[in-house]
J.: 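Take a look at the following structure, please.
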Amino acid sequence: MAEIGYGIAVKVLELLGSRTFQEISSAWGFKGDLKKIGRRVLAIKAVLIDAEEKQASNERLRTWLRELKDVLIDAENVLDEFQYRVLQKDVMKINGSSRKKVQFFFSGSNPLLFRFKMANKIKGGRERLDDISALKDEFNLAAQLEDRNPTMNRRDMTHSFVDPSNVIGRGDDKEKIMDLLMQLDASRNVSVIPIVGIGGLGKTTLAKLVYNDEQIVSHFQQLRMWVCVSEDFDVTRLIKEILKSAKVPVDENLGIDQWQNSLRELLKDKKFLLVLDDVWNDDRNKWMELEDLLLGGCNGSKIIVTTRNSSVATIMGTASPYNLKGLLEENCMSLFVKLAFKKGEEEQYPNLLNIGREIVNKCKGVPLAVRTLAGLLYSRVDEHEWKSIRDNEIWNLEQKEGDILPALKLSYNQLPFHLKQCFAYFSVFPKDYEFNNVQLIQFWLAHGILQSPKDENIELEDVGDLYIKELLSRSFFQDVNQEYIWCYEFKMHDLVNDLALLSNKGEFSVVTKKSTLTAEVCHLSFLENGQEVTAQLEKLSKVQTIIFKTEQPTSLLEACIARFKYLRVLDLSNSSFELLPSSIGSLKHLRYLDLSNNRIIKQLPDSICKLHSLQTLLLSGCSNLERLPKGIRDIISLRHLRVTTKHTCLLEKAVGCLDSLQSLLIGECENLKCVFEGMEEGRLTNLQRLGVVECPSLTFVTQYQTPNCPRGLDNWGL
C-alpha cells in the first residue's frame with residue numbers, strides 16, 4: 001500500500017512542479033493552496049518507505065496509509081483535471097472553429113465555472129491533507145531516501161547437509177552440474193557456475209546434492225567450503241565465514257589484513273570447491289574485491305553460486321548460468337505423497353490422492369510449494385480439509401516462516417521502491433496471462449508510474465523496458481518469447497502472481513461471482529459476468545482500471561463509464577460490442593483504451609475524440625471497423641495507435657496531425673491503398689516505429705519522410 005501512495009505522491013509533486021501548473025496557479029489564484037499541498041506531500045513522501053516497513057505490525061498505521069492514499073488519489077485527480085483543461089484549450093487553439101470556441105465557453109467547460117469548482121476541490125484537498133499530515137508524527141516515522149538499499153527479512157542461514165532420499169526429481173540437474181564441476185578451464189584457475197531460479201525452486205537443495213556427492217567429495221578432497229551469503233554481501237564477513245567453513249580458527253582480535261592473508265594462504269595451490277548460497281549482491285565492485293582473494297587456487301577450482309537474480313549470475317559467473325526449471329508433475333506428486341501421508345497410508349485414500357493431484361497442479365513445479373501444501377495436510381484424512389486447500393488460492397492459506405510465500409516475499413522485499421510499485425499492478429491480471437512488453441509499458445504509462453528520466457533523450461517507454469528487464473533478471477517472469485521484431489512476450493509464474501496478490505491486498509481485484517469487493521479497490525479485472533458482479537460496483541468510487549476478460553453486456557460497460565470517471569485504463573479486448581456508448585467521451589482521465597479483436601464493431605462514436613489525454617488506442621483486429629472518426633486529430637496526447645480498418649485510407653490529414661504519435665501499427669487492412677494521403681511536410685515529428693502487416697492493396701504511403709524514420713520502409717516493423 002505504501003508503495004502505491006509513494007508513487008502517487010511522486011506524481012503529485014511532478015505535476016505541481018511543472019511549468020503548466022506554475023502558470024495556472026499564478027493566473028487563477030491557487031498558488032498559495034497548491035504550495036501548501038506540495039509541502040505537505042513532500043514531507044509525507046519522505047516517511048512513506050519507513051511506513052511500509054512498519055505497517056504490518058501496526059493497524060493504526062495501516063489505516064493512516066489507507067486514508068493518505070485516498071487523499072493523494074483525490075489530489076492527483078484534481079491536478080489531472082487541470083491537465084485535461086490545458087489539453088482542451090490546446091485542441092481549440094489548433095483545430096477549433098470560431099463556432100466551436102463559442103460553444104466551448106458556454107458549455108459545462110466554462111472557465112469561470114471550472115475555476116470555481118477547482119478552487120473548492122483544492123481547498124478541500126488541502127484541508128484533508130493538513131489533517132492527515134498532522135497525524136504522521138504519532139507513528140515516529142523516519143525520513144528515508146527512495147534509492148537506499150531496501151531492508152529485508154533475513155532468510156534462515158543454510159547448511160550443506162541434505163538427505164538424498166528426501167530429494168525427488170533432480171537427478172538430471174545434479175549430473176549436469178557435476179559435469180560442469182569436473183571440466184577443466186585452461187584459461188583460468190577458478191571457474192564460477194551460477195544456478196539461477198525463483199525462490200523455492202530448489203537451487204540450494206541441488207547445490208547440497210552436488211556438494212555431498214561421493215565423486216565430488218573425492219574430486220575436491222583437498223578443500224570444500226559452504227557459505228550462506230544472503231543479502232549481506234560484506235566482504236570482511238564473507239572472508240571469516242569461508243575460513244570458518246574450512247575449519248580455520250578466526251581470531252576476532254585480528255583485522256581484515258590478517259584475515260585475507262589467512263584466506264589466500266588457505267586456498268594457495270589447492271583445488272577447492274566453494275558454494276556461495278543465496279547471493280543477492282549485484283554490485284560488481286564488491287564481488288571483484290572478494291574474487292581477487294579467491295583466484296589463488298589450483299586449476300580446476302570451482303565456485304557454485306545460487307541466486308534468484310540473473311544479473312548476479314552475469315556479474316559473478318564465468319560459465320553460462322544454469323537456469324533451474326520446475327519439477328515434472330509426476331515428481332511433484334511423488335514428493336507430495338511422501339510428505340502428506342505416513343508411509344504406505346496413501347493406498348487407503350484413493351479419493352485424497354485424486355484431490356492431491358489437483359493440489360500439486362497449483363504448485364507449478366515448485367518443490368517448496370509442494371512441501372508447504374503437503375505440510376498443511378500431513379496426517380489429515382478429512383476430504384473437506386483437502387478440498388479447502390485445493391480450492392483456496394495459496395496466498396489465502398496459512399504460511400509459516402520457510403514456506404513458499406514467505407520465501408518468495410524475500411524477492412519482493414529486495415525490489416527498489418519504483419519496481420515494487422510496478423509489480424503491484426500485476427495483481428489485476430489473471431494467472432497464465434501472456435504479457436506483451438509494449439502493451440505492459442503502455443499500461444504502466446497510463447497510470448503514470450514510470451519515473452521521468454534525467455536524460456531528455458530517453459523516452460518513458462525506454463524506462464518501462466528497463467523495468468521489465470530488471471524484473472526478468474530477478475526471476476519474476478518466465479517463458480520469454482521473442483517471436484516479433486518489435487516486441488516480446490512472457491508469463492508470470494502462478495506463485496509470483498500469488499505473491500503480487502498477497503503484497504497488495506485490497507486495491508486490486510480479479511473479479512469472479514465469488515469475489516467480495518471492498519471500497520478501497522481501484523483496479524478491476526472481470527473474469528465472469530452476471531448480476532452478482534454488477535451489484536458490487538456500487539461499493540466502489542475510485543476505480544482507475546477496468547479489464548474485461550470475458551464477454552460482458554453493454555449495460556455493465558455503461559455502468560462502469562457512468563460511475564468511474566477517473567478511469568485511466570479500459571481494456572475491452574476480444575469483446576463483441578456493436579457500438580461503444582457515446583458517454584465514453586466523458587472519461588477525461590482515460591489514457592489507455594483497448595478494443596483490439598472486436599470483430600463486429602463498425603464505427604467509433606465521435607465522442608471518443610474528446611479523450612484528449614488518451615495515450616494508447618488499440619484497434620488491431622477490428623476487421624469490420626469502417627473508418628477512424630474524422631476528429632481523431634483532437635486526441636493530441638496519442639502516442640501509440642494500432643489499427644485495422646476496412647477503409648482505403650487512414651483519413652486524409654487526420655492521423656498525420658497526431659504529433660505526439662510514436663508508434664503506428666497498421667494490420668490486416670485488406671482495402672487500404674494509402675496511409676497518409678495529403679499529409680503536410682513536417683508532421684508526425686515524434687514517430688519512431690511504423691509497422692504495416694497484411695495490407696495487400698497498399699500502393700502508397702506518403703511523399704514525405706518523418707524525421708525519426710529517415711530510411712522510410714527500412715524502419716518499418718515488417
Side-chain angles (χ1 to χ4, degrees), residues 87 90 94 422 435-470 482-489 591-594 596 611-620 628 632-645 649-651 653-669 672 674-677 679-695 698 700-718:
L87 292 172
D90 287 345
I94 298 169
C422 289
F435 293 96
N436 172 296
N437 70 310
V438 174
Q439 288 180 237
L440 178 59
I441 291 166
Q442 291 160 10
F443 177 85
W444 283 339
L445 184 67
H447 286 294
I449 57 176
L450 300 177
Q451 293 184 341
S452 298
K454 295 178 182 178
D455 186 344
E456 294 181 357
N457 296 318
I458 298 177
E459 298 285 351
L460 283 169
E461 287 80 358
D462 299 323
V463 173
D465 203 48
L466 289 174
Y467 287 5
I468 292 175
K469 287 174 179 172
E470 178 67 14
Q482 183 90 50
E483 183 179 349
Y484 305 103
I485 296 172
W486 59 85
C487 68
Y488 52 91
E489 296 172 338
R591 262 75 169 174
Y592 181 106
L593 176 59
D594 187 354
S596 56
L611 302 177
H612 307 314
S613 300
L614 195 67
Q615 298 168 336
T616 300
L617 178 59
L618 305 179
L619 303 169
S620 53
L628 295 175
I632 194 171
R633 64 181 181 173
D634 289 348
I635 311 179
I636 61 174
S637 301
L638 198 63
R639 298 164 73 99
H640 305 281
L641 174 62
R642 297 186 179 191
V643 61
T644 300
T645 178
C649 185
L650 284 188
L651 282 186
K653 299 185 179 180
V655 174
C657 292
L658 295 171
D659 288 339
S660 296
L661 201 64
Q662 292 189 2
S663 71
L664 173 60
L665 179 62
I666 306 162
E668 300 176 346
C669 301
L672 191 70
C674 69
V675 179
F676 303 124
E677 184 179 52
M679 190 182 78
E680 300 173 8
E681 186 174 8
R683 306 313 297 257
L684 293 179
T685 53
N686 284 300
L687 190 65
Q688 298 173 12
R689 183 176 293 113
L690 176 60
V692 179
V693 180
E694 297 182 26
C695 297
L698 186 68
F700 182 72
V701 184
T702 180
Q703 60 192 19
Y704 299 112
Q705 293 179 349
T706 60
N708 292 326
C709 290
R711 294 184 296 164
L713 293 178
D714 290 343
N715 264 29
W716 293 24
L718 296 174

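As the structure is a computational prediction, the values presented were derived from the model and not from experiment. These values consider heavy atoms only, across backbone and side chains, with no hydrogens, waters or symmetry-generated copies.
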J.: Strictly distance-based, threshold 3.5 Å: is any side-chain N or O of Thr644 a donor or acceptor partner for the main-chain N or O of Glu668?
T.: no
J.: Report the residues that fulfil side-chain contact (heavy atoms from CB on, under 4.5 Å) with Ile468, sequence neighbours left out, ordered by chain and then residue number.
T.: Asn437, Leu440, Ile441, Trp444, Leu472, Phe477, Tyr488, Phe490
J.: Looking only at heavy atoms, which two atoms of Ile632 and Leu658 are closest? And how far apart?
T.: O-CD2, 3.4 Å
J.: Under the salt bridge (charged side-chain N to carboxylate O under 4.0 Å, His left out) test, which residues partner Asp462, sequence neighbours left out?
T.: none
J.: Closest heavy-atom contact between Ser613 and Arg591?
T.: O-CG, 3.7 Å
J.: What's the verdict on side chain to side chain contact (heavy atoms under 4.5 Å, CB included) for Gln451 and Leu460, showing C-alpha distance, side-chain angles and the deciding distance?
T.: CA-CA 7 Å; Gln451 293 184 341; Leu460 283 169; over 6 Å; no
J.: Under the rule for ring-ring contact (aromatic ring centres under 6.0 Å, His included), what residues qualify as partners of Tyr467, not counting sequence neighbours?
T.: His418
J.: Which pair of heavy atoms, one from Cys674 and one from Cys649, lies closest together, and at what distance?
T.: SG-SG, 3.0 Å
J.: Checking side-chain hydrogen bond (donor to acceptor under 3.5 Å, both in side chains) for the pair Thr616/His640: CA distance, chi angles, key distance, verdict?
T.: CA-CA 5 Å; Thr616 300; His640 305 281; 5.0 Å; no
J.: Measuring from atom CG of Leu690 to atom CG of Leu664, what distance do you get when rounded to the nearest 0.5 angstrom?
T.: 5.5 Å
J.: Mind listing the closest non-hydrogen atom pair of Ile635 and Leu611 along with its distance?
T.: CG2-O, 3.2 Å
J.: Do Leu665 and Arg689 pass the side chain to side chain contact (heavy atoms under 4.5 Å, CB included) test, and can you show the C-alpha distance, the side-chain angles, and the key distance before you say yes or no?
T.: CA-CA 8 Å; Leu665 179 62; Arg689 183 176 293 113; over 6 Å; no
J.: Which atom pair, heavy atoms only, marks the closest approach of Val438 to Cys487?
T.: CG2-CB, 3.6 Å
J.: Can you name the residues that form a salt bridge (charged side-chain N to carboxylate O under 4.0 Å, His left out) with Glu489, not counting sequence neighbours?
T.: none
J.: State the CD1-CG distance between Ile636 and Leu614, to the nearest 0.5 angstrom.
T.: 12.0 Å
J.: With sequence neighbours left out, what residues match Arg639 under salt bridge (charged side-chain N to carboxylate O under 4.0 Å, His left out)?
T.: Glu459, Glu461
J.: Side chains of Leu641 and Leu661, heavy atoms from C-beta outward: is any pair under 4.5 Å?
T.: yes
J.: Restricting to salt bridge (charged side-chain N to carboxylate O under 4.0 Å, His left out), what partner residues turn up for Glu694, sequence neighbours left out?
T.: none
J.: How long is the straight-line distance from SG of Cys422 back to NE2 of His447, given to the nearest 0.5 Å?
T.: 11.0 Å
J.: State, yes or no, whether a side-chain contact exists between Tyr592 and Gln615 at a heavy-atom distance under 4.5 Å.
T.: no
J.: Determine the minimum heavy-atom distance between Leu87 and His612, stating which atoms define it.
T.: CD1-O, 3.5 Å
J.: Among Ile666, Val643, Val692, whose side-chain contact (heavy atoms from CB on, under 4.5 Å) with Leu672 holds?
T.: Ile666
J.: Can you check whether Ser660 reaches Leu638 side chain to side chain, under 4.5 Å on heavy atoms?
T.: no
